[in-house]
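Numbers restart at 1 for each chain; the letters A, B, ... are given by sequence-line order, proteins then strands.
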There are 2 protein chains.
Amino acid sequence: MDPVGFKQHDHKTCIRSGLKAVDAYCADHSLQFTPVRRRVLEILLQQHRAMGAYDILDILRAEDLGSQPPVVYRALDFLVRHGFAHKIERLNAFIACAHMGQDHTPAFLICRACDAVAEADADPARKVLGQATSESGFVIEQAAVEALGLCPACQKAAQ
Amino acid sequence: MDPVGFKQHDHKTCIRSGLKAVDAYCADHSLQFTPVRRRVLEILLQQHRAMGAYDILDILRAEDLGSQPPVVYRALDFLVRHGFAHKIERLNAFIACAHMGQDHTPAFLICRACDAVAEADADPARKVLGQATSESGFVIEQAAVEALGLCPACQKAAQ
DNA sequence: GTTGATATGTTATAAAGTAACATGTAGCAA
DNA sequence: TTGCTACATGTTACTTTATAACATATCAAC
């Protein structure tokens with residue numbers, strides 16, 4: 001799995017295939033992929049960056065798809081719970097999952113200059129952590145790595 | 001480095017030695033370890049758990065050591081910036097560093113049932129991530145791992 | 001003792017998130 | 001069809017978390 005986010009890609013395709021994958025998954029698991037939920041995911045896929053809940057809400061408002069915070073928080077909760085989106089705790093923001101459908105431990109590379117976020121995978125890290133923690137008796141159910149640094153573009157800009 | 005937090009230890013000693021280490025570090029680096037900053041760290045060391053900024057503020061208030069949010073946020077900012085405390089993003093809470101003075105990439109084991117937090121180390125994870133991301137050109141400056149799961153005590157309680 | 005840098009005090013407000021209850025809707029069962 | 005159930009959405013009001021901005025204090029160096 002490559003880190004996604006700091007390179008060119010066919011963006012229209014990635015929006016379409018993302019939605020398609022979730023359509024299929026929801027059909028399979030009898031989850032209700034309702035208009036608001038679908039639109040919120042579509043917004044995240046389109047923007048292709050971490051967005052605050054209120055940024056998303058502004059867009060929904062303009063489209064009469066719900067105008068109060070709980071609407072967007074509930075949609076985001078659904079998306080995150082089922083792994084279609086991730087929350088970037090460090091930014092209080094949300095981003096569409098870049099590895100839709102694959103079971104993974106996400107690792108986020110967050111640019112401190114421009115707030116761009118790329119999603120890599122940290123599966124090996126999980127194992128490493130697992131060793132370190134097995135002594136303590138703690139059982140890991142879910143883990144996320146958030147790394148702060150500079151993306152290629154901002155490195156150039158800083159020179 | 002062992003994960004600290006889910007086992008017995010001499011707590012008075014760990015408060016004293018923590019403060020002493022920071023005293024020394026600040027003297028060495030001409031940082032001002034002022035009464036508020038010192039007291040906030042002491043509170044975190046005493047409580048030995050992740051605390052919200054406003055929980056800490058309540059204690060400071062009772063002691064006339066500052067009564068408004070910026071006071072505690074500034075102290076926490078100082079402590080975090082210099083590695084004496086960590087922010088647990090997932091909980092919007094702060095915890096004293098368990099590996100004071102040692103350069104490390106913290107990994108937090110957060111119990112989803114009781115919110116207890118233990119600090120392990122993820123240094124190997126940094127290397128793993130470094131490989132995955134070197135292709136993308138992203139330069140990691142700082143990384144944190146937050147793992148959610150069940151601590152030994154809550155596992156027992158759940159049976 | 002004036003200056004500059006850093007820390008604290010204080011007011012006010014922004015930003016992020018949720019509790020609680022009302023309303024709508026879709027599927028199933030009698 | 002009706003009514004029941006489960007789930008989703010609409011809405012109000014509020015809590016929690018965090019910060020901007022400006023005033024004041026402290027302290028060391030000149």
Please report the distance, rounded to the nearest Å, between CG in A:D77 and P in C:dT18. 8 Å
Reckon B:F78 touches a base, only the sugar-phosphate, or nothing at all at heavy-atom distances under 4.0 Å? nothing
May I have the distance from B:Y54 (atom OH) to D:dA18 (atom C1'), rounded to whole angstrom? 6 Å
Check every atom of D:dT11, C:dT8, D:dT9 against the side chain of A:S67 and return the nucleotide holding the closest atom. D:dT11
Measure from CD1 on B:I56 to C1' on D:dT16 and round the result to the nearest Å. 15 Å
Base C:dG9 to side chain B:R74, donor-acceptor N/O within 3.5 Å cut-off: yes
Least distance between heavy atoms, B:Q46 atom then B:H11 atom: O-NE2, 2.9 Å
5' priority, DNA chain D, between A:P69 and B:L91 [closest heavy atom]: A:P69
Using atom CD of A:E63 as one end and atom P of D:dG10 as the other, report the distance to the nearest whole Å. 13 Å
A:R39 backbone acceptor or donor facing A:E63 side chain under 3.5 Å: no
Applying a 4.0 Å non-hydrogen cut-off, can you work out what B:Q32 is touching in the nucleic acid: base, sugar-phosphate, or nothing? sugar-phosphate
Phosphate contact (D:dT17 OP1 or OP2) by B:K87 side-chain N/O below 4.0 Å: no
Atom-pair distance (CD on A:Q68; P on C:dA16), nearest Å: 16 Å
Applying the side-chain contact (heavy atoms from CB on, under 4.5 Å) criterion to A:V40, which one of A:I59, A:L76, A:L57, A:T34 satisfies it? A:L76
Return the value, rounded to whole Å, for the distance between atom CG of A:L65 and atom P of D:dA8. 16 Å
Of B:A75 and A:D55, whose closest DNA chain C nucleotide lies nearer the 5' terminus? B:A75
C:dA16 C1' sits how many Å from A:M51 CE, rounded? 15 Å
Any idea which of C:dT8, D:dA18, D:dT11 is nearest the A:V71 side chain? D:dT11
Distance in angstrom units between A:L76 CG and D:dA8 C1', rounded: 15 Å
Closest to the A:N92 side chain, choosing from D:dA8, C:dG17, C:dA7: C:dG17
Can you figure out which of D:dT17, D:dG10, C:dT8 approaches the side chain of B:T34 most closely? C:dT8
Quick one: label B:R37 by what it contacts on the DNA or RNA (base, sugar-phosphate, nothing), any heavy atom closer than 4.0 Å. sugar-phosphate
Residue pair B:L31/B:P70 against DNA chain C: nearer the 5' end by closest nucleotide is B:L31
How are the rings of A:F78 and A:F33 set to each other: parallel, tilted or perpendicular (split at 30° and 60°)? parallel
Nucleotide nearest B:Y73 when distance is taken to its side chain, options D:dA20, C:dA19, D:dT17: D:dT17
Count I, L, V, M, F, W, Y as connected when their side-chain heavy atoms are under 4.5 Å apart, and connections chain through other members. Are A:F94 and A:V117 then in the same cluster? no
